[in-house]
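Read through the structure below, which is laid out as structure tokens, and then see the notes.
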Amino acid sequence: MADESTPADPAGSEPGRRRGGGGRRRKPRKRSKALVVTAWTAASVVVIGGVGIGFVYFKLNGNIKGVDINAALGTDRPVDIDNGSQDILVLGSDSRSGDNAKYGKDEGAARSDTAMIVHVYKGHKKASVVSIPRDTLISRPDCTTDDGKDAPGAQRQMFNTAYEVGGPACAVKTVEKMSGIRMDHYVEVDFSGFKKLIDTLGGVDITTKKAIRDKDSHLDLDAGTHTLNGEQALGLVRTRHGVGDGSDLGRIQLQQAFIKALLDQVKDVGVFSNPKKLYDLANDATSAITTDSDLNDVRSLAGFAGGLKGIGAGDMKMVTLPIQYDPADPNRVLPLEEADQQVWDALRADRAIPKSATKKSAGDKGDAGDVVSSD
């Protein structure tokens with residue numbers, strides 16, 4: 001993990017309102033699955049190509065799906081703080097509908113298979129990523145379903161049920177209630193879109209220090225160096241039985257290692273000399289995501305990406321939300337409240353997450369963290 005003891009200078013910032021792509025939020029419009037690197041790529045390929053006219057613009061614009069989080073949540077949200085930073089909730093959806101049906105059968109609505117809060121520091125040169133285990137037991141707030149029905153809040157609910165009962169808006173509301181931090185943006189990535197994007201990129205090079213076998217995620221890798229295609233990459237970020245203790249914590253460590261590997265390689269895909277590859281990347285990326293309504297057109301997405309394109313793997317600190325195993329159920333985890341507060345306080349103040357916050361967390365003590373590398 002990169003050392004992030006010196007993020008871009010947050011000192012001297014004044015409280016206020018923040019708007020939009022340069023760290024300041026745009027006013028809400030009346031109108032109106034997951035890995036962070038897919039979101040980064042989705043935005044950055046649009047910037048690199050400069051797509052903005054004619055058929056290409058309208059084709060890519062039509063790919064992006066938007067959700068009006070601002071209208072859904074209204075004023076029941078944390079105060080916006082103008083310190084030049086941004087906070088983005090990135091979700092990966094585990095819906096088994098459509099092209100995702102091959103990965104299992106739906107049991108009710110889709111759930112958030114992966115959840116990451118991306119905090120981009122003032123100056124947009126560094127970021128912290130906080131992964132929230134899907135099995136974390138939380139107090140879910142009252143929400144409204146996509147069809148307008150009430151979804152009452154409840155205690156000791158798995159984190160991923162927020163998305164299941166109330167969709168993106170409920171997921172955002174739950175994160176904001178947990179953290180006290182207002183999310184500037186929402187990005188969701190689905191299984192099939194992620195897989196297509198990796199294939200179009202030409203695969204991702206990783207090294208495994210031990211064999212990984214997981215029939216549930218269709219992953220079968222020997223120890224050694226591999227170029228993962230889309231199917232294998234999806235298997236890696238979904239596997240939880242092939243490494244570590246078989247829990248979601250090991251899977252998160254694999255996801256974080258994969259993101260580092262992809263960020264190391266994404267700038268070397270040859271898009272400048274290959275217009276078709278550029279278009280294919282932009283088409284796959286924009287088709288793979290659902291965003292908040294402030295980002296659901298190409299120009300807005302490009303502006304957002306312009307502030308992120310300088311952040312590489314070495315500029316990103318990745319942690320798991322401090323947790324402990326639930327004494328009543330070893331298949332669930334509980335937040336470490338004091339340590340969690342350290343994390344949220346640091347991000348709210350645009351400071352680096354202190355090492356003391358994760359010192360006692362079960363999330364960063366797993367044995368899957370060094371299984372995969374980009375070496």
Side-chain angles (χ1 to χ4, degrees), residues 1-10 13 18 20-25 34-50 81 83-92 114-131 181 183-189 194 197-198 201 204-206 237 252 255-269 271-272 281-282 285-286 288-289 291-292 294-295 300-320 343 346-353 373-374:
M1 291 185 181
D3 176 52
E4 194 177 285
S5 58
T6 56
D9 181 16
S13 301
R18 122 180 106 182
R24 305 190 65 82
R25 183 191 298 279
L35 290 170
V36 63
V37 72
T38 308
W40 244 246
T41 306
S44 63
V45 293
V46 175
V47 170
I48 292 169
I81 299 175
N83 59 13
S85 66
Q86 282 193 321
D87 296 282
I88 306 119
L89 175 60
V90 180
L91 293 186
T114 302
M116 296 178 176
I117 297 170
V118 181
H119 178 85
V120 182
Y121 290 94
K122 178 183 177 180
H124 293 196
K125 301 298 183 183
K126 291 188 177 184
S128 283
V129 179
V130 181
S131 296
I181 300 172
M183 295 295 106
D184 293 286
H185 293 298
Y186 170 84
V187 179
E188 179 184 326
V189 186
F194 171 81
L197 183 59
I198 298 302
L201 282 168
V204 177
D205 297 332
I206 59 111
V237 300
I252 286 174
Q255 290 171 353
Q256 292 173 347
F258 179 83
I259 288 169
K260 294 274 189 178
L262 183 49
L263 282 175
D264 282 339
Q265 296 169 221
V266 74
K267 294 181 180 179
D268 300 321
V269 294
V271 294
F272 293 107
L281 280 172
T286 53
I289 62 174
T291 72
D292 63 274
D294 283 347
L295 293 181
S300 298
L301 191 62
F304 170 68
L308 306 179
K309 60 184 179 181
I311 300 176
D315 307 312
M316 190 177 290
K317 172 73 173 179
M318 308 188 76
V319 303
T320 301
V343 172
L347 298 189
R348 194 179 301 109
D350 201 36
R351 298 194 309 263
I353 297 172
S373 72
S374 57

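Numbers here are sequence positions counted from 1.
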Polar side-chain atom of [X] near backbone of [Y] as donor-acceptor pair, under 3.5 Å:
| X | Y | result |
| --- | --- | --- |
| Asp350 | Ser85 | no |
| Lys317 | Val130 | no |
| Asn83 | Arg348 | yes |
| Glu188 | Ile289 | no |
| Asp87 | Asp184 | no |
| Tyr121 | Arg351 | yes |

For [X] and [Y], which heavy atoms make the closest approach, and how far apart are they?
| X | Y | answer |
| --- | --- | --- |
| Gln255 | Val237 | NE2-O, 2.9 Å |
| Ala346 | Ala352 | CB-O, 3.6 Å |
| Asp205 | Ala261 | O-CB, 4.0 Å |

As an exercise, state the distance from [atom1] of [X] to [atom2] of [Y], rounded to the nearest 0.5 Å.
| X | Y | atom1 | atom2 | result |
| --- | --- | --- | --- | --- |
| His185 | Asp294 | NE2 | CG | 6.0 Å |
| Ile88 | Leu295 | CD1 | CG | 8.5 Å |
| Phe304 | Thr291 | CZ | OG1 | 9.5 Å |

So [Y] and [X], do their side chains get closer than 4.5 Å, heavy atoms only?
| X | Y | result |
| --- | --- | --- |
| Ile311 | Met316 | yes |
| Gln86 | His119 | no |
| Thr114 | Leu91 | no |

Apply side-chain contact (heavy atoms from CB on, under 4.5 Å) to Val129 and Val90, showing your working.
CA-CA 10 Å; Val129 179; Val90 180; over 6 Å; no
Partners of Ser131 by side-chain hydrogen bond (donor to acceptor under 3.5 Å, both in side chains), sequence neighbours excluded?
Gln256
